[in-house]
Amino acid sequence: MASISGICSSSPTLNHSTPKRRRTPLLPSSSFPSKPSPPRSLARETPAPQQQQQQLSAVTKPLHAGLEKEPRALWRRYVEWLYQHKELGLYLDVSRVGFSDDFVREMEPRFHAALRAMEDLEKGAIANPDEGRMVGHYWLRDSARAPTSFLKSQIDNTLVAICTFADDVVTGKIKPPSSPEGRFTQILSVGIGGSALGPQFVAEALAPDNPPLKIRFIDNTDPAGIDHQIAQLGPELASTLVIVISKSGGTPETRNGLLEVQKAFREAGLSFPKQGVAITQENSLLDNTARIEGWLARFPMFDWVGGRTSEMSAVGLLPAALQSIDIREMLAGAALMDEANRSTVIRNNPAALLALCWYWATDGVGSKDMVILPYKDSLLLFSRYLQQLVMESLGKEFDLNGNRVNQGISVYGNKGSTDQHAYIQQLREGVHNFFVTFIEVLRDRPPGHDWELEPGVTCGDYLFGMLQGTRSALYANNRESITVTVQEVTPRSVGALVALYERAVGIYASLVNINAYHQPGVEAGKKAAGEVLALQKRVLAVLNEASCKEPVEPLTLEEVADRCHAPEDIEMIYKIIAHMAANDRALIAEGNCGSPRSIKVFLGECNLDELYA
Ligand SMILES: O=P(O)(O)OC[C@H]1O[C@](O)(CO)[C@@H](O)[C@@H]1O
């Protein structure tokens, strides 16, 4: 059985009971760049005053910048630029990105400004000006850096609370009330975006083959997906710890997931609060609900930690500890990486090196996509994790001076060599709109398990060969790549990888003068979704009124739209009705959904309460 030392071992660093009348349906229902492009100045065309200081008028990517191909010169470039972090066993090879020494020299002032901004951020500056917030995820792995002793003690106390709770759950000191097993065996994590992607990535990367608690996720408001997760738990629902994660505590998808899980608990005759854990900001809706209902435990999410950078907070640490992943090692790896990323010398600073490559490869305007290719199955979800980290941070319409810049870098990927049998054909020969980051893991298997499947060659040698071969073949066709190498996939190296990319994103955001720590764009979709649901309520009321008539009055789409006083929303009304019909909540009296103008619709039930409300 895992103990506290096993888990946290190393040193730190629409259901109304209303009268209804049933209705019967009326009807059954070569060179680089290969194509010369105009010179791309790294300076903005019309710099705002504050920007001008950091702008570098002469930094221009050469029109016909060629990639070094001469083997000895390429080897020299490899050796000259290879970054190694000895203690972490991590290497960063940027030799296959074609930046020139001149480019680096000219970018230096901008880097120094970015690194100074990062220093201020770590000291507690309001680095997220739109939201008036500090940005403190770096303090989570080195609490001594927190700007106040109160924040330091919050971090330290939370870590102790996580370790103690996880140990008590794993050892069976904290038990589910009605499980024959006598201890928790499963975790059901309910959360979305930054409240899911980190824990998903880390579970896939680091959970042992037989963890004390197995984890599964509800990270959407897809009813079928939720049903699937609950069905997979089966009778083990009685020994499932449900961790509801939401910084805001009000995200609709997460709330829906919680309501669905609570219904499953009721139907199984189980008491949800005794198996529920909340991770959220103090006094959020979720926090208050958990407190009032007396859930098993509550852990804080701090105002100064964003969702996409929350892996080292309770969001990531609690699920990891419950799977007996060494969270102090994760924190130590991240702290070591943070320290390296404080170097003011670009070539000694791995995050700055990454940001430099991104800037060069994408012309500082996101002109190329970032393809993440880990050659290791356990790192499969790294690209998904990075997709949010990079795209939600860098994908911004306006810069810090209010100029419209439409920044961002698109991120996708899966894993090698699997992807060599899928889209790498296009990377090698097709549209040249990307740069690759290979993630290489040197250790193939735990010691003592390897064997040669043909003389002198192991299975892992093939994986190695595939990575090296793809890197070479892409480069031969002028496709640039970065390679990050780690010795093994361990809590320490995973912590370091997370920290590396968090910092690279922060530095890059400074280079292009944007706020990496807010996400104003996602609000538009949420607001529009709310408007659709409000329209659906009006449609339902109109259909209910017509369906309560004797005889029932099926309506055309135009009639529904007119009675909703929303003729301009007829397309959305059609979609609402088609969705309701597909779910047996509306009945098509005439016509079919493929010919929207032909349909007449009514409800299968008349809701009298609703009608007279
Ligand atoms: O943790 P919360 O508040 O539920 O938010 C989940 C996710 O939603 C977002 O706010 C975007 O919609 C992400 O930034 C965040 O990670």
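Read the numbers this way: they start at 1 and go in the same order the structure lists the ligands and their atoms. Because the structure is predicted, anything quoted here is derived from the model rather than measured.
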**Student:** If the threshold is 4.0 Å, N to carboxylate O, is there a salt bridge linking Arg503 and Glu122?
**Tutor:**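 Looking at Glu122 together with Arg503, the answer is yes, because their closest N to O distance falls below 4.0 Å.
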**Student:** Please confirm whether Gln388 approaches ligand 1 to less than 4.0 Å, judged on its heavy atoms.
**Tutor:**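 A heavy atom of Gln388 does come that close to ligand 1.
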**Student:** Give me the nearest non-hydrogen protein atom to atom 3 (O) of ligand 1 as residue plus atom name, then the distance to 0.1 Å.
**Tutor:**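 Here the closest protein heavy atom is Ser248 OG, 2.7 Å.
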**Student:** With atoms numbered from 1 as shown, which atoms in ligand 1 lie under 4.0 angstrom from a non-hydrogen atom of Gly194?
**Tutor:**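 Those of ligand 1 that fall under 4.0 Å from Gly194 are 15 (C), 16 (O).
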**Student:** May I ask you to decide whether Arg342 forms a salt bridge with Glu119, counting only side-chain N to carboxylate O separations under 4.0 Å?
**Tutor:**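 Looking at Glu119 together with Arg342, the answer is no, because their closest N to O distance does not fall below 4.0 Å.
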**Student:** Out of all atoms in ligand 1, which are within 4.0 Å of some heavy atom of Thr251? Include the element for each.
**Tutor:**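 So the answer, numbered in order with elements, is 2 (P), 3 (O), 4 (O), 5 (O).
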**Student:** Find all atoms of ligand 1 within a distance of less than 4.0 Å from any non-hydrogen atom belonging to Val522, and give their numbers and elements.
**Tutor:**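 Those qualifying, in numeric order: 11 (C), 12 (O).
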**Student:** Considering residues, nucleotides and ligands other than Glu488, do more than 12 of their heavy atoms fall under 6.0 Å from its CD?
**Tutor:**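 Enclosed: over 12 neighbouring heavy atoms sit under 6.0 Å from CD of Glu488.
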**Student:** Within the 4.0 Å heavy-atom shell around Ile192, which atoms of ligand 1 are there?
**Tutor:**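 Checking each atom against Ile192, I get 6 (C), 7 (C).
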**Student:** When you look at Tyr501 and Phe382, which way does the ring-ring contact (aromatic ring centres under 6.0 Å, His included) test go after all the steps?
**Tutor:** CA-CA 11 Å; Tyr501 276 84; Phe382 195 40; 5.5 Å; yes
**Student:** Within the structure, does Gly249 bring an N/O atom to less than 3.5 angstrom of an N/O atom in ligand 1?
**Tutor:**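 So ligand 1 has no N or O lying under 3.5 Å from an N or O of Gly249.
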**Student:** Any ion pair linking Arg141 and Glu311 (charged N to carboxylate O, less than 4.0 Å)?
**Tutor:**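 No, no charged N to carboxylate O under 4.0 Å.
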**Student:** With Arg308, which of His137, Glu392, Gln388, Gln387 fulfils side-chain hydrogen bond (donor to acceptor under 3.5 Å, both in side chains)?
**Tutor:**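 The side-chain hydrogen bond (donor to acceptor under 3.5 Å, both in side chains) with Arg308 is passed solely by Glu392 among His137, Glu392, Gln388, Gln387.
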**Student:** For Ser246, take its heavy atoms, then give the atoms of ligand 1 lying under 4.0 Å from any of them.
**Tutor:**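 Checking each atom against Ser246, I get 1 (O), 2 (P), 3 (O), 4 (O).
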**Student:** With a 4.0 Å cut-off on heavy atoms, is Met301 touching ligand 1?
**Tutor:**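 It does not, in that no heavy atom of Met301 comes within the 4.0 Å cut-off of ligand 1.
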**Student:** So between Lys526, Gln281, Glu253, whose heavy atom ends up nearest atom 10 (O) of ligand 1?
**Tutor:**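 Minimum heavy-atom distance to atom 10 (O) of ligand 1 goes to Lys526.
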**Student:** For atom 14 (O) of ligand 1, which of Lys247, Glu392, Arg255 has the closest heavy atom?
**Tutor:**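 The nearest heavy atom belongs to Glu392.
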**Student:** Considering only heavy atoms from C-beta outward, does the side chain of Leu206 approach that of Val489 to under 4.5 Å?
**Tutor:**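 Sidechains of Val489 and Leu206: in contact.
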**Student:** Applying ring-ring contact (aromatic ring centres under 6.0 Å, His included) to Phe299 and Phe165, what does each step give before you reach the verdict?
**Tutor:** CA-CA 10 Å; Phe299 294 91; Phe165 179 79; 5.5 Å; yes
